[in-house]
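Everything on this sheet refers to the single structure shown next.
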Amino acid sequence: MRPLVLDFQHLPDATLVTVVGELDATTSGQLDDFLRQARRMPGEHLVLDLSALTFIDSTGLSVLIKAQNLSRQHDGSVRLAALQPVPARLLRITGLDAHLPVYTSVGDALAAREDR
């Protein structure tokens, strides 16, 4: 199993979070804690660079949904960027791609002004 590596960068209009590795039952708590600590405030826009996320399971999806729910309660958003084929397929199969905005690149996600 590939360990989860997380990093963040505060930008003027969003916080960019980079997720590298596999997001599953053993690492989803790590991402959940990291997102709480990386936020400047609950309603800010989060952009998750998932270009190096190779796997995600249902526990990882629940962390993304939880982050989005918190953001939306405070007029913020969570935007997913640059998904690899396996994570993108899981979002499609579960129908979550209709609820979590997915962008082809980090630049597109950062430039987005409105979420679905």
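Throughout, residue positions are numbered sequentially from 1 according to the sequence presented.
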Practice task
Output every pair passing ring pair (Phe, Tyr, Trp, His ring centres under 6.0 Å) with a member in residues 16-41, not counting sequence neighbours, ordered by first then second residue.
Solution key: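 Those involving residues 16-41 are F8-F34.
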Determine the minimum heavy-atom distance between [X] and [Y], stating which atoms define it.
{"X": "S71", "Y": "S77", "result": "CB-N, 3.5 Å"}
{"X": "V47", "Y": "A14", "result": "CG2-CB, 4.3 Å"}
{"X": "S28", "Y": "L23", "result": "CA-CD1, 3.6 Å"}
{"X": "D49", "Y": "A82", "result": "OD1-CB, 4.4 Å"}
{"X": "L48", "Y": "L64", "result": "CD2-CD2, 3.5 Å"}

Spacing of [X] atom [atom1] and [Y] atom [atom2] [to the nearest 0.5 Å]:
{"X": "L35", "Y": "L70", "atom1": "CG", "atom2": "CG", "answer": "10.0 Å"}
{"X": "D7", "Y": "T18", "atom1": "CG", "atom2": "OG1", "answer": "5.5 Å"}
{"X": "I56", "Y": "E22", "atom1": "CD1", "atom2": "CD", "answer": "11.5 Å"}
{"X": "L4", "Y": "T54", "atom1": "CG", "atom2": "OG1", "answer": "9.5 Å"}
{"X": "Q68", "Y": "Q73", "atom1": "CD", "atom2": "CD", "answer": "10.5 Å"}

Side-chain donor/acceptor of [X] to backbone N/O of [Y], under 3.5 Å:
{"X": "R40", "Y": "H10", "value": "no"}
{"X": "D57", "Y": "A25", "value": "yes"}
{"X": "Q30", "Y": "L6", "value": "no"}

Practice task
Report the hydrophobic cluster partners of V5, with the cluster defined as I, L, V, M, F, W, Y residues connected by side-chain heavy atoms closer than 4.5 angstrom, directly or transitively.
Solution key: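 Taking Ile, Leu, Val, Met, Phe, Trp and Tyr as members, V5 shares its hydrophobic cluster with V20.
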Going by side-chain contact (heavy atoms from CB on, under 4.5 Å), name the residues that satisfy it together with [X], two or more places apart in sequence or in a different chain.
{"X": "T94", "answer": "L61, L90, L96"}
{"X": "N69", "answer": "I65"}
{"X": "Q84", "answer": "P87"}

Problem - Results of salt bridge (Lys or Arg N to Asp or Glu O under 4.0 Å) for R36 - residues two or more places apart only - result: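 Result, salt bridge (Lys or Arg N to Asp or Glu O under 4.0 Å) vs R36: D32, D33.
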Exercise for the section: Among R39, Q9, E44, H45, find the residue that satisfies the side-chain hydrogen bond (donor to acceptor under 3.5 Å, both in side chains) test when tested with T15. Expected result: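 For T15, the side-chain hydrogen bond (donor to acceptor under 3.5 Å, both in side chains) check succeeds only for E44.
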Exercise for the section: May I ask you to test the V106-L110 pair for a side-chain heavy-atom distance under 4.5 Å? Expected result: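 V106 reaches L110 side chain to side chain.
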